[in-house]
Amino acid sequence: MTSPSDHFDVLIVGSGHGGAQAAIALRQHGFEGRVGIVSAEPHLPYERPPLSKEYLAGERPFERLLIRPEGFWSERGIEHRPGLKVVAVDAAARRVECGDGSQFSYGELIWAAGGTPRRLGCAGAELAGVHYLRWRDNADRLRAQLPGARRIVVIGGGYIGLEAAAVLTKLGREVVLVEALDRVLARVAGEAISRFLEAEHRAHGVDIRTGATVASILGEGDCVRGVALSDGETIEADLAIVGIGIDPAVEPLRAAGAAGNNGVDVDANCRTSLPHVFAVGDCAAHENRFASGARVRLESVQNASDMANVAARTIVGHDAPYDAIPWFWSNQYDLKLQAVGLSAGHDETIVRGDPATRSFSVLYLKEGRVIALDCVNVVKDYVQGRKLILAGASYDKAALADPSVPLKDLAG
Ligand SMILES: Cc1cc2nc3c(=O)[nH]c(=O)nc-3n(C[C@H](O)[C@H](O)[C@H](O)COP(=O)(O)OP(=O)(O)OC[C@H]3O[C@@H](n4cnc5c(N)ncnc54)[C@H](O)[C@@H]3O)c2cc1C
């Protein structure tokens, strides 16, 4: 039995970007009921992207990662219960149970539990020198081991692996990056961006190995001594950092019967198939018009925040379906990458500007229409290009490719 003090009108599971924003938006929209956030992490809500950037580099202290100052939550009557992991959801009884046996009942539940880093499955993966970068505690553990590490192998050439490689190189470490596919960022960016970034990283001293798979992590006691590749080569290393994606953290919801096979499925208002249960952020698969209506699960701050706003507005009674244009950023060295739209399914790319200048954009077209842009150090293309995507029109390709023609002139 839960006591009245354990009942929340809205209970939010997860205090990342989605969970924190859901609570903020509820209050912004005048919601006066009792709002609670339970989260497995023992920290106040903080920004996750700096974990592979300024925080890893030691350039930004944790206090400056906080999404809101400590007093904000209690001033708004948002009850934050850190260090509690929800292990079961009873949707009929509108109740959740946590790992320590505590229970909370709710009027509406917002599931914003993000994801868990996908683990390496090979021998040696459990050594203490094998690291992941998802939560603050991961980054702290890695930072604590850095002083004793000279050579580091980064496994995975996605954004997190590339960002970590950039930071570690700047910190004077020798970095080898191992990517199984034939280019970095293969799942999210076009070849021009991949090749440009590979060249940048190599110029900064990162040894990039594409088409290379890890067979095992070699250790001595609990320490990492190297990474064995499937082709028989051994790369000497003191630490390994694994960035090979996440598994959406939805087990309790799935066990309760929520539909979905890649996270949980939500409708345009972020409702799951369970009554009174919403899901937002990295764990929520939704139909996205920027993916031609396909069901996608996006992993970005934009998506988590915008979905959280939709769930909060729905709860207060405003019908405001999710329709935000996806965007994302990544910082590596002095490069600012900004992506807008979704490039999956493109049938043509246009490179606008010369990559050798380290300032250019790649436009992705489908049936003649711009569906996405990746911009490297060109903020104005990113800002103006989103209008081209939203307009959904066809433009003169020579003009799209010509950096002297502002995209805003085309957008009209
Ligand atoms: C290192 C790194 C760098 C990134 N860089 C960028 C970037 O540059 N730009 C960008 O747009 N995006 C970036 N991202 C992605 C972005 O951070 C995520 O998309 C965003 O944090 C998703 O928000 P979320 O609320 O869905 O999940 P999360 O932020 O992951 O929050 C989920 C929270 O739920 C908690 N939780 C999980 N399970 C339970 C449970 N059962 N019970 C209670 N609590 C639970 C977790 O501990 C966590 O605190 C980065 C991510 C990482 C890890």
Side-chain angles (χ1 to χ4, degrees), residues 11-24 36-57 65 67 80-89 96-100 102 104 109-118 131-139 142 156 158-164 166-167 188 241-256 263-264 266 270 278-286 297-308 311 326-332 336-340:
L11 181 65
I12 299 166
V13 178
S15 64
H17 286 275
Q21 182 57 32
I24 293 167
I37 306 180
V38 284
S39 190
E41 286 191 88
H43 311 293
L44 286 167
Y46 63 90
E47 293 172 33
R48 210 164 293 293
L51 296 184
S52 53
K53 306 179 183 74
E54 307 92 316
Y55 187 70
L56 181 60
L65 264 50
I67 287 176
H80 182 227
R81 307 278 179 97
L84 278 183
K85 183 168 182 173
V86 172
V87 294
V89 174
V96 302
E97 184 176 337
C98 301
D100 67 352
S102 57
F104 300 100
L109 183 70
I110 302 180
W111 190 266
T116 310
R118 208 165 285 146
H131 292 266
Y132 296 84
L133 266 179
R134 179 75 195 178
W135 303 296
R136 178 207 178 172
D137 293 0
N138 299 146
L142 172 58
Y159 280 116
I160 290 176
L162 290 170
E163 289 175 356
V167 168
V188 288
I241 301 174
V242 184
I244 54 173
I246 61 162
D247 294 318
V250 292
E251 298 80 2
L253 277 193
R254 295 281 292 125
V264 288
V266 295
C270 299
F278 295 76
V280 303
D282 283 14
C283 66
H286 62 281
R297 202 174 51 68
L298 301 178
E299 296 171 12
S300 69
V301 170
Q302 167 274 317
N303 176 64
S305 304
D306 285 333
M307 288 186 106
W327 57 265
F328 187 85
W329 80 95
S330 174
N331 302 333
Q332 297 166 40
K336 189 168 178 60
L337 271 91
Q338 292 168 296
V340 58

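All values below come from the heavy atoms of this structure, side chains included, with hydrogens, waters and symmetry mates left out. Ligands are counted one by one from 1 in listed order, and the atoms in each one are counted from 1 as well.
Using cut-offs of 30° and 60° for the angle between ring planes, the His43 and Tyr46 rings count as perpendicular.
The side-chain heavy atoms of Pro42 and Asp137, taken from C-beta on, include a pair separated by under 4.5 Å. Looking at Val280 and Gln21, their side chains never come closer than 4.5 Å, going by heavy atoms from C-beta outward.
Judged purely by atom type and a 3.5 angstrom limit, Arg118 uses its side chain to pair as donor or acceptor with the backbone of Ile244.
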Mind listing the N or O contacts between ligand 1 and protein, cut-off under 3.5 Å?
| from | atom 1 | to | atom 2 | distance (Å) |
| --- | --- | --- | --- | --- |
| ligand 1 | 5 (N) | Lys53 | NZ | 3.0 |
| ligand 1 | 8 (O) | Lys53 | NZ | 2.6 |
| ligand 1 | 8 (O) | Trp329 | O | 2.9 |
| ligand 1 | 9 (N) | Trp329 | O | 3.3 |
| ligand 1 | 11 (O) | Val301 | N | 3.1 |
| ligand 1 | 19 (O) | Asp282 | OD1 | 2.7 |
| ligand 1 | 19 (O) | Asp282 | OD2 | 3.3 |
| ligand 1 | 19 (O) | Ser300 | N | 2.9 |
| ligand 1 | 19 (O) | Ser300 | O | 3.4 |
| ligand 1 | 25 (O) | His17 | N | 3.4 |
| ligand 1 | 25 (O) | Gly18 | N | 2.7 |
| ligand 1 | 26 (O) | Asp282 | N | 2.9 |
| ligand 1 | 29 (O) | Arg48 | NE | 2.7 |
| ligand 1 | 29 (O) | Arg48 | NH2 | 3.2 |
| ligand 1 | 30 (O) | Arg48 | NE | 3.2 |
| ligand 1 | 30 (O) | Arg134 | NH2 | 2.6 |
| ligand 1 | 31 (O) | Arg48 | NH2 | 3.3 |
| ligand 1 | 41 (N) | Val86 | O | 2.9 |
| ligand 1 | 42 (N) | Val86 | N | 2.8 |
| ligand 1 | 44 (N) | Ala40 | N | 3.0 |
| ligand 1 | 49 (O) | Ser39 | OG | 3.4 |
| ligand 1 | 49 (O) | Glu41 | OE2 | 2.6 |

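Applying the ring-ring contact (aromatic ring centres under 6.0 Å, His included) test to His17 and every residue at least two apart in sequence or in another chain returns nothing.
Remark: Asp282 engages Arg134 in a salt bridge, criterion side-chain N to carboxylate O under 4.0 Å.
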